[in-house]
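What follows is one structure encoded as structure tokens, with my remarks underneath.
Counting starts at 1 for both ligands and their atoms, in listed order.
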Amino acid sequence: MLRITFLGTGGTLPTINRNPSAIFINREGETMLFDCGEGTQQQMMRAKTGMKISSIFITHFHADHFLGIPGLIQTMSFNGRTEPLDIYGTERTKQMVKLMIELGYYKLGFEINAHELEDGDIVDKGEYFIKAVATDHGVLSLGYILEEKSRAGRFNREKAIELGVPVGHMFSKLQKGETITVNRRRIKPSQVIGEARPGRKVVYSGDTRPCESIERESAGADLLIHDGTFADELRDWALETKHSTTAEAAQLAKKANVKQLILTHFSSRYSENAEPLLLDAKGIFENVKLAQELMEIEIQLRDK
Ligand SMILES: [Zn+2]
Ligand SMILES: [Zn+2]
């Protein structure tokens, strides 16, 4: 399972209908947050995600991306959490986390480990990794790439039987990559195992101008979640505030040949009518959606 739940899709300021940035990802039962704006914990309750997250990845320290952390950790403590929590972000993350931990009277019942990442740093999680890349937002900022390592190719059972391999432990030897001998014939794993299957890739830009690092890392991604703060009529304002228009994000998605684009972080000026945001992008890249509060997206395993 690789499921993405949008908990906050508004830009800069919360509105009645949109919370500030937060994205929840569940990968095979391990759960994590990317950004944690104010009110994220109530959105987690509404989405029934549970609070057993292992880590929080913060793109940058503008208030709409991290103010939800103090409340969330206080609730976790109140609920008796004992498992450690990792918080990742740019330089200054240690200082920010220290301030958040010391905010108010409460008893922190678990360990919080702050990690500072730089452009190109990788957090290895075994079957997958998270890579941080520098983005272009006028303050220290990172985008994140969650990418699975490739899986072993498909085992061709019929072929193995045809080659005279007895069903049982010889099968598992081949699956582990060992060459076996059957009736004095050597059988190599490559004879019965297909090509390695690529893992899934999800990219989250955070707040940024369209930038080379996100375009490069998004190549062939299953899903790109990109800053789409403004419609194209406000391109100048996007430049000024170091955000992207939805048309710019769509152009980047097209160049990177991603499978799907989801835009988020919409300016409150579109709270009545978000249509211009979508129309501008659709004209450039067909498979695009505007993120909605509590929207869920499931990414299927790839065969090729
Ligand atoms: Zn923001
Ligand atoms: Zn920002």
Checklist entry - With a cut-off of 2.8 Å, how many protein N, O or S atoms neighbour the Zn ion (ligand 2)? => result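 That number is 4, waters not included.
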Item to check | Of the N, O or S atoms in His265, the one nearest the Zn ion (ligand 1) | outcome: NE2
Next on the checklist: When you measure from the side chain of Glu38 to the backbone of Gly68, do you find a donor-acceptor pair of N or O atoms at a distance under 3.5 Å?
Outcome noted: no
Checklist entry - Just by modelled atom types, is the Ser271 backbone N or O under 3.5 Å from a matching donor or acceptor in the Arg18 side chain? => result no
Next on the checklist: Would you say CD1 of Ile16 has more than 12 non-hydrogen atoms from neighbouring residues, nucleotides or ligands within 6.0 angstrom?
Outcome noted: no
Checklist entry - Hey, are Glu195 and Arg154 close enough for a salt bridge, meaning a charged N less than 4.0 Å from a carboxylate O? => result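 No, this pair does not count.
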Next on the checklist: Using ring centroids (six-membered ring only for Trp), state whether His226 and His243 fall under 6.0 Å.
Outcome noted: no
Next on the checklist: Measuring from atom CZ of Phe171 to atom CZ of Phe155, what distance do you get when rounded to the nearest 0.5 angstrom?
Outcome noted: 5.0 Å
